[in-house]
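Take a look at the structure below.
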Amino acid sequence: MTDLRTRFAPSPTGFLHLGSARTALYNWAHARRHGGCFVLRIEDTDLERSTRESEETVLDGLRWLGLDWDEGPHRQTERRERHREAIDGLLDADRAYRCTCSREELEVRKEEDIAAGGPGTYDGRCRDLNLGPDCGAHTVRLRVPDEGLLGWDDAVFGPSGQDARQIGDAIIQRGDGTPLYNLAVVVDDIDMAISHVIRGADHHPNTPLQIAIYRALEAPLPIFAHLPLIVGESGKKLSKRRDNVSIQDFRADGHLPEALVNWLVRLGWSHGDDEIFSLTEIGELFSLENVGRSPARAEPPKLAWLGQHYIKALPSDELFTRVRPYLEGVKGAAVEDDKSLRALLELLRERSRTLVEMAELARWNLCEDLEYDEKAVKKHLRPAALPVLQALQSAMEGLPEWALVDLEKAFEAVAAELGDLKLGKLAQPVRVAITGGPNSPGIFETLEILGRERTLARIDKAIEIVEARVESAD
RNA sequence: GUCCCCAUCGUCUAGUGGUUAGGACACCGGCCUUUCAAGCCGGCGACACGGGUUCGAGUCCCGUUGGGGAUACCA
C-alpha cells in the first residue's frame, strides 16, 4: 500500500445522492488503482439533519454499489476538540482574529460594498483590533493575505486559483464556538493525511480559502481534483424535486448496482471507446487524467441499456436471488424456486432492463388473476377466435406429453385443420388468453412454463369472454 | 453585482496542429420472426460564433454568445 489516500466525506442527509455516489466511486477507484487507502468520513456537523439512521442509509448505498472503504467511518463531530485546537493555534499565531461584527451589520456593509461595485467580502473592520477572549460575543476569522494568488494545479481543471483579495477574511468559528465547514475539512484532511481531495466542482470556489487555511496551518497541500457536476435533464444541478437523485430510488426501481456504477463512471470519465466496465475493471483502469471538464447530463436511456446488458450476463442463481424480492412484490406472497420459474427468468432476461420490469413481465406466471389488456382482448379475443381456441383446447387436452415439440405439433395440426391458418392467427389469441396481454416470450415456451392445468383453465376463461362478446353483439 | 468554470452528433464521449471528425445510447429503416424482445446489417446526426497564430486549426491565443457553479456564523 502506498501513502496515497483518498476520502469520501458525505453529509448524512437521509439518502445517497447520485452525484455523491459518483464522487465516492471516483475516490474509491483512484485509491484502488494506485493501491492506496480509501477513507470514509461522515460530515455530521449539521446536527439538525444528521442522524445515525441517515448515516446508515448512506453507508448502505455505498455497500450496495460495492464501494468498500479501508478506514472509517470517521465522524466530524467526534473531532471537535481537534478543530478547536487548530483554531486556538491560529489565534495564538495571530493568523486568525476575533470579530464582534453582528450578522446585521455584516449584511448591511456587504450590500453597500456590492452596491459600490465591490466584491462584497468582509471589510476587515475587526482585523487589527486585537480583540481578546473577553471581547464578548464573537466569531473567529482567518487572516487571509491581502494579495497574491491562492492557486493550485487541479488534477482535472489544470492551473486554478483566485486572487486573495477576492476571498476576504472568512469566518472559521461561529459565535457558538463551533467550527465552520471549511476549517473542519482542512483540519480533517490534514490529520487523516489525505493526499488526493477528489470532490464535486461545486467545491472548486471553496478551494482558494481552503488553501489559505492549509498555509496558515503550515500544512502541505493535497492534490485537488474537481469533478464536473452531474446535471439533470434540465441541464441544471440535480435537484431532488426534479430529478431521480437518490441511489435508494434507483435500487427500488430495480436497477442493478453494476449498471448504475457503469453508468456513473462514464458520466465524466472515459477510457477510449470502451463502454462496459465492471467495478474491478474500474479499479484497474481509472485515471484522473481521463476525467473531462464539462458537466454531464444524467439521462436514463443509457442506464436502461446497461441494465439489460448486466441482466443478460447475470448467472442464473444470482439472477434468481436478486429478482426474488421484486417477484414477491408482484405476487404479494413468497415465491418458490422451481424449474419453470427459472426457465421463465431465462426467457425474460433479454426483455428486461430492470428487475422491476422483469418481475412485471413474469406477472402472468405469478398471479392467477390475470390483468387483461383491454386493447389486446378487443383485438384478439373476438368471435373469430372462438373455433381456434376451442380446437386448440381439445388438441392440448389430449396431449400425452406437455412439451415444446408436442405443443408445436398440436398447433400445426389445428392450423391445418382450420384451413391452413398462419401460426400468428393461433398464437395471438392464445397469448392473450394465457397471459392477458399481447406480448410474451415464444408461445410454446410460454405454454410449457404455464403447464397444462393452468393453460386449459385460462383458455376456458377466454372462451367465456369471447362467448359473452358474441352474445352482446346480437 | 463580483469571482470561478465549461463549450464536438439529441445524450455520454474519443480526439492532445495534418482524421472521409471515431465509438456508445437514443432515433429511423431493413433482415430474422407467432407477438415483444434479443441479434445482425444499414441510415440520420456535431466541432456555438467572430477574430487571430500557423503552410495547415475541433485541437493554441483573444473576444462574443450561451450554459453552469460560488458568493452564509450550510455542508
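We use all heavy atoms of the structure for the numbers below, so side chains are in, but hydrogens, waters and symmetry mates are not. Here is the naming used below: chain letters follow the sequence lines, and residue numbers restart at 1 for every chain.
- Heavy atoms of A/Asn206 sit under 4.0 angstrom from at least one base atom.
- Qualifying salt bridge (Lys or Arg N to Asp or Glu O under 4.0 Å) partners for A/Arg382, counting only residues two or more places apart in sequence or in other chains: none.
- Between A/Glu81 and A/Arg84, no side-chain nitrogen of the basic residue sits less than 4.0 Å from a carboxylate oxygen of the acidic one, so the salt-bridge criterion is not met.
- A salt bridge links A/Asp146 with A/Arg127: the distance from a Lys NZ or Arg NE/NH1/NH2 to an Asp or Glu carboxylate oxygen falls below 4.0 Å.
- Sorted by first then second residue, the side-chain hydrogen bond (donor to acceptor under 3.5 Å, both in side chains) pairs that include residues 14-25 of chain A, not counting sequence neighbours, number zero.
- When the side-chain nitrogen and oxygen atoms of A/Lys312 are compared with OP1 and OP2 of B/G39, one or more of them lie within a distance under 4.0 Å.
- When the salt bridge (Lys or Arg N to Asp or Glu O under 4.0 Å) test is applied to A/Glu318, the partners found at least two apart in sequence or on another chain are A/Arg322.
- Residue order along RNA chain B, read from the 5' end via each residue's closest nucleotide, puts A/Gln166 first among A/Gln166 and A/Pro10.
- When each of A/Thr100 and A/Val291 is assigned the nucleotide of RNA chain B bearing its nearest heavy atom, the one mapping closer to the 5' terminus is A/Val291.
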Pairwise N/O distances under 3.5 Å, protein to nucleotides 21-28 of chain B:
unit_1 : atom_1 : unit_2   : atom_2 : d
B/G22  : N2     : A/Asp273 : OD1    : 2.9
B/G23  : N2     : A/Glu275 : OE2    : 2.9
B/A24  : O4'    : A/Glu275 : OE2    : 3.4
B/A24  : N3     : A/Lys302 : NZ     : 2.9
B/C25  : OP1    : A/Trp305 : NE1    : 3.4
B/C25  : O2'    : A/Lys302 : N      : 3.4

Atom pairs under 3.5 Å, N or O on each side, protein against nucleotides 4-8 of chain B: can you list them with distances?
unit_1 : atom_1 : unit_2   : atom_2 : d
B/C4   : O2'    : A/His204 : ND1    : 3.2

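- Using a 4.0 Å cut-off, some side-chain N or O of A/Lys237 falls inside it from OP1 or OP2 of B/A70.
- We find that A/Arg52 and A/Asp44 are not joined by a salt bridge, their nearest charged nitrogen and carboxylate oxygen being 4.0 Å or further apart.
- With a 6.0 Å cutoff to the six-membered ring centre and a 45° limit on the axis angle, A/Arg141 counts as a cation-pi contact of A/Tyr122.
- Of the charged side-chain nitrogens involved, at least one lies within less than 4.0 Å of a carboxylate oxygen, so that A/Asp188 and A/Arg79 count as a salt-bridged pair.
- Near RNA chain B, meaning a heavy atom under 4.0 Å away, the residues from residues 423-448 of chain A are A/Leu423, A/Gly424, A/Ala427, A/Gln428, A/Arg431, A/Pro438, A/Asn439, A/Ser440, A/Pro441, A/Gly442, A/Ile443, A/Phe444.
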